[in-house]
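These notes are about the structure you will find just below.
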Amino acid sequence: MSSFEKRFGKYAIRNLSFVLVACYAIGYVLNIMSPGFIYYYFALNPYAILHGQIWRLVTWILIPPAESNIFFTLIMLYFYCSIGTTLERTWGTYRYNVYLFSGMLFTILGSFLLMGYTYLFPSDEFVRLGAYNYFLLYSLYFSTYYINMSIFLAFAATFPDISVLLMFIIPIKVKWLGVIYGIMLIFSFLQGDVNIKFAIAASLLNFVVFFLTSRNMMHLNPKQIHRRQEFKRDVRRGSSGITKHKCAICGRTEVDSPDMQFRFCSKCDGNYEYCEEHLYTHTHVKKP
């Protein structure tokens, strides 16, 4: 990730959550002007894409979440925009871009995999409707709904102890909401047909990759994550100079905290040094 960030980080889109909400706004306007237009011509239909309608690779992002109540729609968009902005500030713009765009890429790949599966194992409904109408009908499963869900799950995994007001009244920690949503997704996956299974698995694959590759940073709070990113940035710029001590958890040195004590851990396999805040709370490193 770091090597790619050095090369492509300058192309990362800032405030990507606001850009996504702006796409929803365009989709709402188009749907008001011509109801059903964006669903018929913009949805992620792999059959239509292979027959020349390549704009669908991008335009499916414009399809907004289906919600009859505009008030709750605005609240939902504000919530996802808020947590997305928080993740971007914590992870960095480049990594947040990678997370969102990988979710979109996996969704596109999932739609094509579904098409291949359908041709190998055609259902009676597929034979009755025909390829174009069948994939048009089920293309709406491949939307940004589950990508937004992956943003929330990533937020719950990064900030598990933050509390939100459920229905504006009940305070509840985000981690429990994440557990509830996870159970709901598993239930939907098990009870849904093959189209829903492909859509859920493809759209949430970016969260699975994030969780498996970021478990060593789950216990860090946002300040520590930010401090680690600042330390790496200073090292790249050469402004931090050479230091004698550096915490293996948060990356602090004697330059950052002159009064901080640093000690090596005798129980870790290797030369691992920790600051006084993490000397007794870290997980010991053991060689396999």
Side-chain angles (χ1 to χ4, degrees), residues 8 11-13 15-68 73 76-77 80-81 84 96-123 125-151 185 188-189 192-209:
F8 303 108
Y11 301 110
I13 302 174
N15 300 316
L16 188 57
S17 297
F18 289 99
V19 176
L20 186 60
V21 171
C23 291
Y24 289 158
I26 295 174
Y28 278 120
V29 172
L30 292 176
N31 192 46
I32 292 174
M33 294 175 59
S34 179
F37 174 82
I38 59 174
Y39 300 103
Y40 193 83
Y41 290 102
F42 286 3
L44 185 58
N45 186 337
Y47 181 86
I49 292 173
L50 293 179
H51 286 76
Q53 300 181 16
I54 58 175
W55 64 82
R56 292 178 180 267
L57 290 171
V58 178
T59 55
W60 65 277
I61 302 173
L62 296 176
I63 298 179
E67 179 60 62
S68 58
T73 299
M76 180 190 64
L77 293 180
Y80 281 115
C81 193
Y96 184 66
N97 273 236
V98 171
Y99 184 78
L100 265 189
F101 284 123
S102 61
M104 296 176 185
L105 177 62
F106 290 145
T107 301
I108 295 173
L109 293 177
S111 67
F112 281 94
L113 289 175
L114 174 62
M115 184 178 68
Y117 177 88
T118 305
Y119 274 105
L120 289 175
F121 307 98
S123 62
E125 187 179 17
F126 175 74
V127 176
R128 178 172 56 85
L129 295 176
Y132 182 85
N133 290 327
Y134 179 85
F135 291 116
L136 178 64
L137 177 63
Y138 289 103
S139 61
L140 294 182
Y141 286 133
F142 294 89
S143 66
T144 56
Y145 171 78
Y146 293 113
I147 295 177
N148 288 330
M149 189 67 69
S150 73
I151 296 176
L185 288 172
S188 298
F189 181 86
D193 57 17
V194 65
N195 302 283
I196 295 180
K197 285 181 169 63
F198 270 91
I200 293 177
S203 301
L204 296 179
L205 187 58
N206 62 333
F207 173 73
V208 176
V209 174

Between F135 and Y119, what is the ring plane arrangement, given parallel below 30°, perpendicular above 60°, and tilted in between?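 F135 vs Y119 ring planes: tilted.
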Pair V209, S102 - check side chain to side chain contact (heavy atoms under 4.5 Å, CB included), show working. CA-CA 10 Å; V209 174; S102 61; over 6 Å; no
Are any side-chain N or O atoms of [X] and backbone N or O atoms of [Y], one a donor and one an acceptor, separated by less than 3.5 Å?
X    : Y    : value
N31  : G36  : yes
T144 : I147 : no
R56  : L44  : no

Measuring only between side-chain heavy atoms, which start at C-beta, is L77 closer than 4.5 Å to Y28?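 The answer is yes, as the side chains (C-beta and beyond) meet within the 4.5 Å cut-off.
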Going by heavy atoms in the side chains, are L20 and M104 under 4.5 Å from each other?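 Yes, their side chains come closer than 4.5 Å.
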Centroid separation under 6.0 Å, is that true for the rings of [Y] and [X]?
X    : Y    : answer
F198 : F142 : no
Y146 : Y141 : no
Y117 : F121 : yes

Looking at [atom1] of [X] and [atom2] of [Y], how far apart are the two atoms once the value is rounded to the nearest 0.5 Å?
X    : Y    : atom1 : atom2 : answer
S143 : L62  : OG    : CG    : 12.5 Å
L140 : N45  : CG    : CG    : 10.0 Å
I151 : Y99  : CD1   : OH    : 7.5 Å
L16  : L100 : CG    : CG    : 5.0 Å
S150 : N206 : OG    : CG    : 4.0 Å
F42  : Q53  : CZ    : CD    : 11.0 Å

Ignoring hydrogens, what is the shortest heavy-atom contact between [X] and [Y]? Give both atom names and the distance.
X    : Y    : result
G110 : A202 : CA-CB, 3.7 Å
A131 : F126 : CA-CE1, 3.6 Å
V194 : L114 : O-CD1, 4.3 Å
P64  : Y24  : CA-CD2, 3.7 Å

Under the side chain to side chain contact (heavy atoms under 4.5 Å, CB included) criterion, do L50 and F112 qualify, and how do the steps go? CA-CA 10 Å; L50 293 179; F112 281 94; 3.8 Å; yes
Side chains of T118 and Y138: do they bring a donor and an acceptor to under 3.5 Å?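 No - no donor-acceptor pair under 3.5 Å links their side chains.
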When you compare the side chains of S203 and Y145, does any donor N or O come within less than 3.5 Å of an acceptor on the partner?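 The answer is no; no qualifying pair exists.
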Side chain to side chain donor-acceptor pair (under 3.5 Å) for Y96 and S17? Distances and angles first, verdict last. CA-CA 10 Å; Y96 184 66; S17 297; 2.7 Å; yes
Taking atom CG of L109 as the centre, report whether more than 12 heavy atoms of other residues, nucleotides or ligands fall under 6.0 Å from it.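 More than 12 heavy atoms, drawn from other residues, nucleotides or ligands, come within 6.0 Å of this atom.
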Is the OH atom of Y132 crowded by more than 12 outside heavy atoms at less than 6.0 Å?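 For Y132, atom OH is crowded (more than 12 foreign heavy atoms under 6.0 Å).
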Report the C-alpha distance between S139 and W60 in whole Å, list the side-chain angles of each, state the deciding distance to 0.1 Å, and finish with yes or no for side chain to side chain contact (heavy atoms under 4.5 Å, CB included). CA-CA 9 Å; S139 61; W60 65 277; over 6 Å; no
Take M76 and N148, measure what side chain to side chain contact (heavy atoms under 4.5 Å, CB included) needs, and give me the verdict at the end. CA-CA 10 Å; M76 180 190 64; N148 288 330; 5.9 Å; no
